[in-house]
Each structure stands twice: as structure tokens, then as C-alpha cells.
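Remarks on the structure that follows.
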Number of protein chains: 2
Amino acid sequence: MAITINDIAKKAGVSLATVSRVLNKSPHVSDTARRKVEQAIREFNYIPSAYARGLSRNQSNIIGVIVPEITNPFFSEVITGITEIGDKHNLNALFFNTDESIDKERRALRILQEYRVRGLIITPVTGENRYDREYIQLFENLNIPIVLVDRDIRNSDFTGVYFDDYAALFKPTSLLIENGHKDIVLFTGNPDHIVSKRRLEGYCDAFSAHQMAYNPKNLIPCDFSMESSYNLTRKLILDHNLPTAFIGMTNMLSLGCLKALYEFGISIPDEVAFVGYDRLDVQDVFNMHLTLVEKDAKEMGRKATELLYDKIMGKKTSTRTILTPQMFIRGSERFPSSDPNLRIF
Amino acid sequence: MAITINDIAKKAGVSLATVSRVLNKSPHVSDTARRKVEQAIREFNYIPSAYARGLSRNQSNIIGVIVPEITNPFFSEVITGITEIGDKHNLNALFFNTDESIDKERRALRILQEYRVRGLIITPVTGENRYDREYIQLFENLNIPIVLVDRDIRNSDFTGVYFDDYAALFKPTSLLIENGHKDIVLFTGNPDHIVSKRRLEGYCDAFSAHQMAYNPKNLIPCDFSMESSYNLTRKLILDHNLPTAFIGMTNMLSLGCLKALYEFGISIPDEVAFVGYDRLDVQDVFNMHLTLVEKDAKEMGRKATELLYDKIMGKKTSTRTILTPQMFIRGSERFPSSDPNLRIF
DNA sequence: TTGAAAGCGCTAACAT
DNA sequence: ATGTTAGCGCTTTCAA
């Protein structure tokens with residue numbers, strides 16, 4: 001059995017209450033007592049039990065973090081932001097990866113409850129029937145502070161941190177239009193998804209704002225995987241239905257699209273233009289001159305954690321925090337053949 | 001205050017011992033009792049406290065996982081492997097990211113001890129004085145099963161899962177030599193690092209095996225960052241000291257090197273050849289015909305977790321498990337100008 | 001099959 | 001400033 005507070009008390013010749021005080025940095029301890037206790041702790045290599053402490057305090061200093069896809073660089077960046085701020089406030093994060101499975105999400109929530117976590121930062125899975133009253137209940141029943149990240153839960157009023165999805169599509173779509181594009185393909189993901197909706201609105205409004213109509217055929221539903229946009233882009237190529245520009249609505253959708261273009265040797269922007277939403281590793285590594293509307297994932301993690309901390313501390317916080325992604329114009333948006341010398345790949 | 005086992009017992013009209021038995025799936029409970037208890041649990045939405053349970057059992061079903069760099073795709077893949085097997089054995093993982101900081105590593109270990117974790121999977125930070133007796137003690141003092149991942153701790157005999165680093169460099173170096181290369185630059189990382197050492201040996205032995213001598217100038221020490229290999233490659237280019245081939249010894253070192261080559265428009269393999277060790281996202285996405293010796297990170301995570309589970313269950317396990325990375329020859333290894341049509345970028 | 005009761009290691013209220 | 005003591009919510013003997 002491990003060393004307990006009792007052993008320390010005995011060794012130091014004080015009561016266990018005094019040891020507890022030293023442990024919790026109470027000021028009401030004499031220097032002599034403190035020294036003796038600290039000495040004993042060191043000697044015995046004593047480490048307090050989180051369980052005993054948690055039980056008697058009936059709370060932890062753990063926060064739950066649930067992400068849908070840890071291998072997505074966006075989320076691993078978010079996580080670094082979360083731990084950065086978590087460390088600062090002495091909150092440990094218990095991570096769960098759901099792989100977009102609602103089942104895994106449920107299990108994660110269950111475990112977090114068992115651990116009586118102080119709060120929860122979550123990007124909920126995307127899925128059909130996730131907007132039921134029942135789904136929202138799941139979270140409300142937790143009865144702990146919650147901060148949503150990047151994905152909203154419809155009809156709920158949880159605190160959340162989001163990017164301005166409307167602007168994120170409005171800006172690049174406008175840019176493309178102003179470069180002469182009319183035929184702009186957008187892989188929409190599931191268009192019923194709330195995030196998709198805002199982005200779609202941005203796309204459509206950009207056309208209206210320029211007194212133009214978009215071609216509904218260019219809005220292509222898909223799931224959110226790289227696989228999906230890869231196959232759809234391939235199909236467009238094989239059917240000779242290439243537009244003059246693509247918009248990648250997420251990093252995964254962008255990658256799939258780029259992969260297909262690259263595979264067929266279709267160069268950007270000589271033959272087709274491309275702009276994407278969300279940072280892309282390939283851009284970071286190769287400076288491929290891809291025009292991107294970039295999200296600062298780490299900042300999102302930081303912000304979410306600060307908000308959660310405030311809520312835990314009982315502060316009132318705003319319901320929605322909107323971060324503005326910035327557009328970096330690098331060349332890939334140009335109209336085909338407008339500059340045959342600029343070749344991204 | 002939350003619902004406790006007592007509330008359930010009262011509601012169900014049984015003793016708390018019976019409730020506990022139901023919770024723990026003990027067979028010695030009558031069907032009637034079980035039904036009543038389960039009913040009460042559902043009604044009250046009762047969730048047992050991990051703290052109370054942990055305290056009375058004096059152990060958890062948590063394993064600690066410490067990685068040095070969660071944004072490195074290699075480690076996020078490892079993590080998915082770990083959770084996959086962890087789920088299977090009902091082990092929850094408490095993750096920590098050290099950012100290669102020994103200080104953060106220490107803090108993580110401390111917290112894991114507070115939580116009385118059942119075992120630990122760790123990739124220790126790289127660092128100068130990490131081979132001291134004192135460092136090893138740190139881990140031995142934990143007194144729990146430990147599995148090392150990808151990085152050894154010298155002079156220790158912890159169980160670990162590694163890739164065959166020797167072969168990982170021997171094979172591609174030989175390949176390059178057989179393609180006519182003599183002037184092969186290798187960024188070695190810290191050559192005192194045990195992992196680097198094995199890889200270096202592979203490089204050197206490949207030359208001996210072909211009755212050739214390598215040029216010591218081509219072994220370039222650096223730290224393990226992308227930044228580092230980027231700058232060094234840049235320097236070689238600017239100094240007109242380009243070799244005929246580069247070997248990327250890690251994914252980060254590869255990326256830095258590729259970035260510099262791309263930036264200067266130096267094409268592979270027309271002007272210089274390249275082979276790397278470890279998978280590269282750019283290859284996955286763009287099929288860039290990069291010849292790589294690829295590690296299966298997910299498999300490594302799985303294997304490590306299985307080993308840890310065995311150790312927790314008291315089984316004897318082998319000390320070192322060596323996974324063999326596979327070499328995929330895709331074209332980037334060819335001797336410059338041997339095929340001017342093959343242009344990777 | 002069930003229940004009573006001790007105890008896991010700590011905190012916090014109270015007393016001194 | 002320090003000690004005593006009563007829990008915190010559960011598991012686990014032991015007895016019935």
C-alpha cells in the first residue's frame with residue numbers, strides 16, 4: 001500500500017490536519033511544522049491520492065475535452081491551445097476522441113461524469129439526429145459548465161467559440177468572382193448541418209452582392225471526408241465538367257480536391273483556381289501559394305479554455321464568441337490562364 | 001450534492017451492498033433485486049463516483065499516456081492506436097503532451113501518480129541529461145508497468161516498442177548507393193541520441209557493405225525540428241554545396257529539407273534525390289512519388305497498449321518489440337538527370 | 001442471496 | 001497554530 005498522509009504525520013510528529021494544511025498551502029502553519037512535514041514528504045516520496053482528495057472535496061480539477069478526430073491537425077492544434085491555458089489555471093484535461101461516433105461520445109461523457117469533471121470542452125460529432133431535444137438533454141444533464149468548439153448545437157444556448165463561417169465563405173467567393181469566376185464548385189458537406197448552412201449563405205450572398213446568380217449544380221453535397229471530395233473532384237474531371245474554380249470548405253475537403261487535381265496534373269491556377277477555408281499543412285510546408293481563409297485553431301483552444309475557466313469560476317460569459325479567420329491571398333485564386341507563369345503545382 | 005449509492009439503495013429497498021453488487025455485475029444478486037436497483041439507477045440518473053471507487057479499491061482503470069508532441073502526425077496516430085486497444089480492455093487514457101519539455105514531463109508523471117494509474121505509455125522527451133541514473137529512477141519509482149514508445153532510455157530495461165532504426169537507414173542508404181549516389185547528406189539530429197546512433201550505424205554500414213566510404217561532412221548534426229533541417233538545407237543550397245541525395249531521418253527533418261528544396265525550385269529527382277524515414281502527409285495527399293521507409297504509427301500504439309495490458313495483468317512480456325518499417329520505392333531516389341521526365345515537384 | 005460495518009486517504013469544521 | 005473528528009461514496013469482508 002502506498003504512503004498516506006498518516007505516515008507523514010507520524011514521521012513529522014504532527015497531526016494529519018497539519019500535513020493537510022501544508023499540502024494545501026494553508027498559511028496557518030508554523031515554519032517548524034512546515035519544514036518537518038516537507039522533509040517527511042520528501043523522504044517518503046509521498047504523493048497524495050487524487051481519489052481521497054476528490055472524494056472529500058467532492059470535486060476535481062479535471063476538465064473533459066472531447067474532439068471528433070485527433071488526427072485532424074485542426075483539432076490537435078486546438079488541444080495544444082487548451083492545455084496551454086489549462087496548465088495556467090491548474091486544470092488537467094481528460095481527452096477523448098470520438099471518431100465522429102456518437103456512441104464513443106456517449107461513453108466519453110459517461111466517464112467524465114464518473115470523474116466529476118469541473119467542465120467540458122467539446123466539439124460534438126456531426127450526425128443526423130443530433131439535434132433532438134434528447135441530444136441536448138444529454139449535455140444539460142451534465143450540470144457542469146460547457147464550452148462548444150467550432151460546432152454549434154442547434155436550438156441550444158451553450159457557450160461556444162466559433163469562426164465566422166459566413167465571412168469565411170463570403171470573402172473568398174467574392175474574391176473569386178472579382179477575378180472573373182462564375183463557375184465555382186463548392187463541396188458543401190451535409191447542407192443541413194448548421195455549420196455548412198452559414199458557409200453556404202456566405203457563398204450565395206457573395207453572388208448576390210455582385211449581382212450574379214450561382215449555378216445550383218455547383219453546390220455539391222458530400223460527407224466531410226477527404227475521400228469524399230477526392231472522388232467527387234475526380235468525377236468532375238473524368239466527366240469533363242471542370243469548373244473554373246473550387247472552394248474547399250474544410251481542410252479535409254480541400255485536401256481531397258487538391259489530391260485529385262494533382263493526380264491528373266491539372267495545375268493551379270493555370271487550369272483551375274482554388275481557395276480553401278482552414279489552414280493546410282501543405283501550404284505551411286511548401287508555400288504553395290494557396291489562397292486560404294485561415295483559422296487559428298490554437299487560439300480557439302485557448303479562448304474556449306478561458307471561457308470555461310470563467311464559467312467554472314462563476315463568471316458570466318458571452319454565449320457566442322466569434323473568431324474571425326483571416327484571408328491570405330497568395331495567387332491560387334486567379335482566373336485560369338490569366339498568368340501562365342504562376343504555377344502552384 | 002449528487003445522487004449516491006445510498007439514495008439508490010433506499011429507493012430500491014435494498015442495502016447499499018446489493019447496489020454495489022449490481023454495479024459490479026456480481027452474480028450473487030437475485031433477479032428481483034437487480035431489476036429494482038437498475039430501475040432506481042435509471043430513474044435517478046445515477047452515476048457512480050470514480051473517486052469513491054478509486055479510493056476504496058485503491059486503484060483506477062486509467063493508464064497514463066505521455067507524448068512529446070501531439071501536433072506531430074506520428075504521435076496523433078500512435079494515440080489512435082492506443083485508444084483503440086484501451087477501449088477494448090476498458091482502460092481510459094489520461095494524455096499529456098510534453099512539448100519536449102522535461103519539466104512538463106515531470107508534472108505529468110506527478111499527476112499520473114496522484115491518479116494511481118495502472119500503467120504508463122510514454123515517449124520520453126529527448127534531451128541532454130536524460131540518461132542519468134536519476135532520470136531512470138523517476139520512472140522506476142512509479143512502480144507501475146511502463147511501456148516505452150519509439151524512444152529508448154539508455155541503460156534501462158523497460159519494455160518498449162521500437163522501429164528497426166538500423167534497417168530503416170541501411171535500406172534507403174543502400175538503395176541510393178545502388179542508384180549511383182555517393183554524396184548523400186544526412187541530418188543526424190543529436191548524434192549522441194540513442195535513436196540517432198542506430199540510424200547512423202545503418203547509414204555507415206550501408207557504405208561499408210558496398211565497399212565505399214562516406215564523406216563525414218555529409219553527416220550534419222542538428223536538432224530535431226523542421227526549422228533546423230530547413231535552414232541547413234538552405235545553407236547548402238546557398239553555398240552551392242548541394243549533394244546528389246538527401247536522407248530525411250525523421251518526418252520533421254524531411255519536411256524542412258523538402259521545404260527548402262521546393263522554395264528554391266530544386267526539383268526531385270532531376271536535380272537532387274530524396275528518401276525519407278517515416279510517413280509524410282504530403283505523400284499521402286499528393287502521391288509525390290517520394291521514396292519512404294514508413295512507420296506504422298497506429299500499429300505501434302496498438303502494440304504498446306497490448307504489451308501494457310499484459311504487464312498489468314501480470315503476464316511476462318518481452319523487453320523489446322521491434323517493428324519493421326517498410327520501404328516504398330516510388331522514384332525520388334533516382335540519380336539526378338537519370339530520368340528528366342520524372343519530376344516530383 | 002443479502003445486510004452490517006469497517007475502512008480506503010483525505011478535507012474541513014470545530015475545538016483547543 | 002495545531003489537533004480531533006466526522007464525513008466524502010464506495011468496496012469488501014464477515015455474518016446471517
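We name chains A, B, ... by the order of the sequence lines, and we start the count at 1 in each one.
A salt bridge does not link E38(B) with R35(B): every distance from a Lys NZ or Arg NE/NH1/NH2 to an Asp or Glu carboxylate oxygen is 4.0 Å or more. In this structure, E299(A) does not pair ionically with K303(A), as no charged nitrogen and carboxylate oxygen lie closer than 4.0 Å. Salt bridge K88(B)/E306(B): present, at least one basic N to carboxylate O contact under 4.0 Å.
Between dC10(C), dA12(C), dT1(C), one nucleotide has an atom nearer to the side chain of S30(B) than all others, and that is dT1(C). The side chain of S56(A) lies closest to dG7(D) when the candidates are dG9(D), dG7(D), dG3(D).
Atom CG of L23(B) and atom C1' of dT12(D) are 14 Å apart (whole Å). I5(A) places its CD1 atom 11 Å from the P atom of dA12(C), with the value rounded to the nearest Å. Put simply, CG on L16(B) is 15 Å from P on dT13(D), counting in whole angstrom units. Summarising the geometry, the separation between CG on N58(A) and C1' on dG9(C) is reported as 15 Å, rounded to the nearest angstrom. Note: CZ (R53(A)) to P (dG9(C)) measures 15 Å, nearest angstrom. In this structure, CZ of F44(B) is placed 15 Å from P of dG9(D), rounded to the nearest angstrom. Atom pair K10(A):NZ and dT4(D):P shows a separation of 13 Å (rounding to whole Å applied). In this structure, N24(A) atom CG and dC10(C) atom C1' are separated by 9 Å, rounded to whole Å.
A donor-acceptor pair is defined here as one N or O able to donate and one able to accept, closer than 3.5 Å; no such pair exists between the side chain of D87(A) and the backbone of E84(A).
Both V19(A) and S15(B) sit near DNA chain C, but only S15(B) has its closest nucleotide nearer the 5' end.
Remark: Y51(A) is not in phosphate contact with dT11(C), judged by side-chain N or O atoms under 4.0 Å from OP1 or OP2. Remark: T18(B) is in phosphate contact with dG3(C), judged by side-chain N or O atoms under 4.0 Å from OP1 or OP2.
Around atom NZ of K11(B), no more than 12 heavy atoms belonging to other residues, nucleotides or ligands sit under 6.0 Å away.
In this model, a side-chain donor or acceptor of R21(B) finds a partner on the base of dG3(C) within 3.5 Å.
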